[in-house]
Amino acid sequence: MGTTIGCLSSGIILDTWGRRLSAQISFLIICIGLALMSVASSHHLIYVGRTLGGFGKGVSAPGICFHLEEMADPKLRGALSACLILAYTIGIMLVSLLGTHMGWRIVAGLGAGASFLSVVFYSLLRESPVWLVRKNRINEADEVYNWLWGSTHQTQAERDLQELVNRTNEDNNSIPISSFKWNCKQYLRPEVLKPFLIAHIFNIIQVVCGTNLFIFYSMDIVSGLKTDGSFDVNWTTNLTTIVRVVFMAISCVMLMWMGRRSMSISSGLGSGVSATVLGALVHIQNVPEWLMIVCVLLYVAFNTYGFFVLPAIMVGEILPSKVRCVLGAFIFTMNEVAMFAATKIFPSVHNAIGTAGLFWLFGVFSLFCCLFVYLSLPETKGRSLVQIERYFMMPNNLWLTRNKVENEEVLAMSPVAQKV
């Protein structure tokens, strides 16, 4: 509940206080929540601590994501965002390992200390230049770009700032700032609605592809691969965890050379085919155990490097800056709600259709998501956030039907088109 409320309110918080201060406040709230849990003398304090921690997590997740993507170089933006998700996953694994050797109060206390250090170290970062320009604090944004690029790349810093200022002025001239926040029609404009639907649908379908469900219910799923109970569940589950972490690290490297579309499509095809084949093997049963293990690991590997990493990255990349926080918060919230609902109904669905039917379900939705990405998702690798916004301002309903000549001319209007 706390996470959902935090996600839902993060849009207003990020727009009002900025990315850096909002993240620091959320870290502090997490710190207080974990500290309360570590010294709790009753269940009520534990509930309060969990709620505060969830709220802080709900605010920090989109805040950190947007902060990073608004400051990163276009060539490294995807890889750095993937590293963020990798660090989050490693943190969960660390907490799990600590929990097997220490009491939960000690682990909560260590988490509170780590959260406080995050507040301190995050102060070393600068505020997002996108937020500063939107608040008409141009001089501060100029200082941030100079800090990012360094003293030897003044030209690039000036180009980035001018590109952002020009794009912001276009928005301000088309719709007055005073009426924007209160005008619901703004969110129905094509350049806002198209990227919102793409990011939102991508995130929702990803839930049914089994990306997170396999993590939450890995023991139950793996134990159902063999009906005679001969499967080594613990060994296979640990192996899938290792493969997931390894391929998350691989995705950080792949995003430096491969485009988002290529990774998403190959991830959907690979996980879809492997899940469908695995469902058939489970249905047949009379197959070698090693073959099932290979299919499970292939499904986890393909699913991880694309569908596990990219949906969250695309939220920060393709949403326009003027509505990024509000609509991004809504997408993160709906993703949390969908995940909560999926985890609750999963046991009933698993019992109804069996493990074979479960993997067929994962396979069908993975292939469907692959088709959706192929038709609609634009290639954002190497493009600045302003260039991506300009793409959606064109009459591009589908990536395949876009006017390539006209789009290239629009992208060429950007001051930084030459460097990407």
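When every heavy atom of Ile205 is checked against every heavy atom of Cys369, the shortest pair comes out as CG2-CB, 3.5 Å. Of all heavy-atom pairs spanning Tyr299 and Thr211, the tightest one is OH-N, 4.1 Å. Looking at every heavy atom in both residues, Thr333 comes nearest to Leu8 through OG1-N, 3.0 Å. Residue Val315 comes nearest to Gly328 through the heavy atom pair CG1-CA, 3.9 Å, listed as atom of the first residue, atom of the second, then distance. Of all the heavy atoms in Cys7 and Phe332, the pair that sits closest is SG-CB, 4.1 Å. For Ser321 against Arg134, the heavy-atom pair with the smallest separation is OG-NH2, 2.7 Å.
Salt bridge Arg189/Glu191: present, at least one basic N to carboxylate O contact under 4.0 Å. Checked for salt-bridge contact, Arg77 and Glu317 meet the test: a charged N lies under 4.0 Å from a carboxylate O. A salt bridge links Glu70 to Arg19: one of the charged nitrogens lies within less than 4.0 Å of a carboxylate oxygen. Using a cut-off of 4.0 Å between Lys/Arg side-chain N and Asp/Glu carboxylate O, Arg390 and Glu170 are scored as salt-bridged.
Judged purely by atom type and a 3.5 angstrom limit, Asp142 has no side-chain atom pairing as donor or acceptor with the backbone of Ile138. In this structure, Ser223 contributes its side chain and Asp220 its backbone to a donor-acceptor pair below 3.5 Å. Side chain of Asn203 to backbone of Pro311: a donor-acceptor contact under 3.5 angstrom is found. In this structure, Ser267 contributes its side chain and Ser264 its backbone to no donor-acceptor pair below 3.5 Å. Put simply, the side chain of His67 gets close to the backbone of Arg126: a donor and an acceptor are under 3.5 Å apart. When atom types are taken as modelled, the side chain of Arg105 and the backbone of Ser38 share a donor-acceptor pair closer than 3.5 angstrom. Looking only at distances, a side-chain donor or acceptor of Arg261 sits under 3.5 Å from a matching main-chain atom of Leu377. Using modelled atom types, no side-chain atom of Ser60 and backbone atom of Ser26 make a donor-acceptor pair closer than 3.5 Å.
Glu69 meets the salt bridge (charged side-chain N to carboxylate O under 4.0 Å, His left out) test with no other residue; sequence neighbours excluded. Checked against salt bridge (charged side-chain N to carboxylate O under 4.0 Å, His left out), Arg244 has no partners two or more places apart in sequence or in another chain.
Two residues are said to be in side-chain contact when any heavy atoms from C-beta on lie closer than 4.5 Å; Gln154 and Arg159 fail this criterion. Proximity of Leu319 to Glu389: side-chain heavy atoms (C-beta onward) are nowhere separated by under 4.5 Å. Side chains of Asn212 and Phe308 form a contact here, defined as non-hydrogen atoms less than 4.5 Å apart. In this structure the side chain of Phe214 reaches within 4.5 angstrom of the side chain of Val222, judged on heavy atoms. Contact annotation: the side chain of Leu161 never approaches that of Val144 to less than 4.5 Å [non-hydrogen atoms, C-beta and beyond]. Val309 has its side chain out of reach of Met263: every pair of non-hydrogen atoms, C-beta onward, lies at least 4.5 Å apart. Contact check for Leu385 versus Arg324: side-chain heavy atoms found under the 4.5 Å cut-off. Contact check for Phe346 versus Leu358: side-chain heavy atoms found under the 4.5 Å cut-off.
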Q) Going through the checks in order, is the side-chain contact (heavy atoms from CB on, under 4.5 Å) test met by Phe359 and Ile221? A) CA-CA 9 Å; Phe359 277 108; Ile221 295 174; 3.6 Å; yes
Q) Stepwise, does the side-chain contact (heavy atoms from CB on, under 4.5 Å) test hold for Gln387 with Glu163? A) CA-CA 9 Å; Gln387 287 177 310; Glu163 177 190 49; 3.9 Å; yes
Q.
Between Thr3 and Phe55, is the side-chain contact (heavy atoms from CB on, under 4.5 Å) condition met? List the steps.
A. CA-CA 5 Å; Thr3 303; Phe55 180 84; over 6 Å; no
Q: Show the numbers, then the answer: is there a side chain to side chain donor-acceptor pair (under 3.5 Å) between Gln156 and Asp160?
A: CA-CA 6 Å; Gln156 288 88 337; Asp160 281 357; over 6 Å; no
Q: Kindly determine whether Phe27 and Tyr122 satisfy ring pair (Phe, Tyr, Trp, His ring centres under 6.0 Å), including the steps that lead there.
A: CA-CA 9 Å; Phe27 293 149; Tyr122 216 79; 5.5 Å; yes
Q: Please report the C-alpha distance between Thr304 and Val243 in whole Å, then the side-chain angles of each, then the deciding distance to 0.1 Å, and finally whether the side-chain contact (heavy atoms from CB on, under 4.5 Å) criterion is met.
A: CA-CA 9 Å; Thr304 297; Val243 169; over 6 Å; no
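Glu143 and Asn139 are not linked by any side-chain donor-acceptor pair at a separation below 3.5 angstrom, with hydrogens and angles left out of the test.
The CD1 atom of Ile331 sits 6.5 Å away from the CG atom of Leu327 when rounded to the nearest 0.5 Å. For the atom pair OG1 of Thr237 and CE of Met219, the computed distance is 5.0 Å after rounding to the nearest 0.5 Å. For the atom pair OG (Ser22) and CG (Leu14), the distance works out to 4.5 Å, reported to the nearest 0.5 Å. Separating the CD1 atom in Ile85 from the SG atom in Cys65 is a distance of 7.0 Å, to the nearest 0.5 Å. If you take CZ on Phe362 and OG on Ser271, they are separated by 11.0 Å, rounding to the nearest 0.5 Å. Distance CG/Asn234 to CG/Leu239: 12.5 Å, rounded to 0.5 Å.
With respect to Cys325, the side-chain contact (heavy atoms from CB on, under 4.5 Å) criterion is satisfied by exactly one of Thr16, Asp15, Ile12: Asp15.
Environment of OH in Tyr145: crowded, with over 12 heavy atoms of neighbouring residues, nucleotides or ligands closer than 6.0 Å. By the neighbour-count criterion of 12 heavy atoms within 6.0 Å, atom OH of Tyr374 is sparsely surrounded, having that number or fewer from other residues, nucleotides or ligands.
For residues 42-62, every residue pair satisfying the salt bridge (Lys or Arg N to Asp or Glu O under 4.0 Å) rule, not counting sequence neighbours, is listed here: Lys57-Glu336.
In this pair, His44 and Tyr47 present their aromatic rings perpendicular. The plane angle is above 60°, beyond the 30 to 60° band. Using the six-membered ring where Trp is involved, Phe330 and Phe196 have ring planes that are tilted, between 30° and 60° apart.
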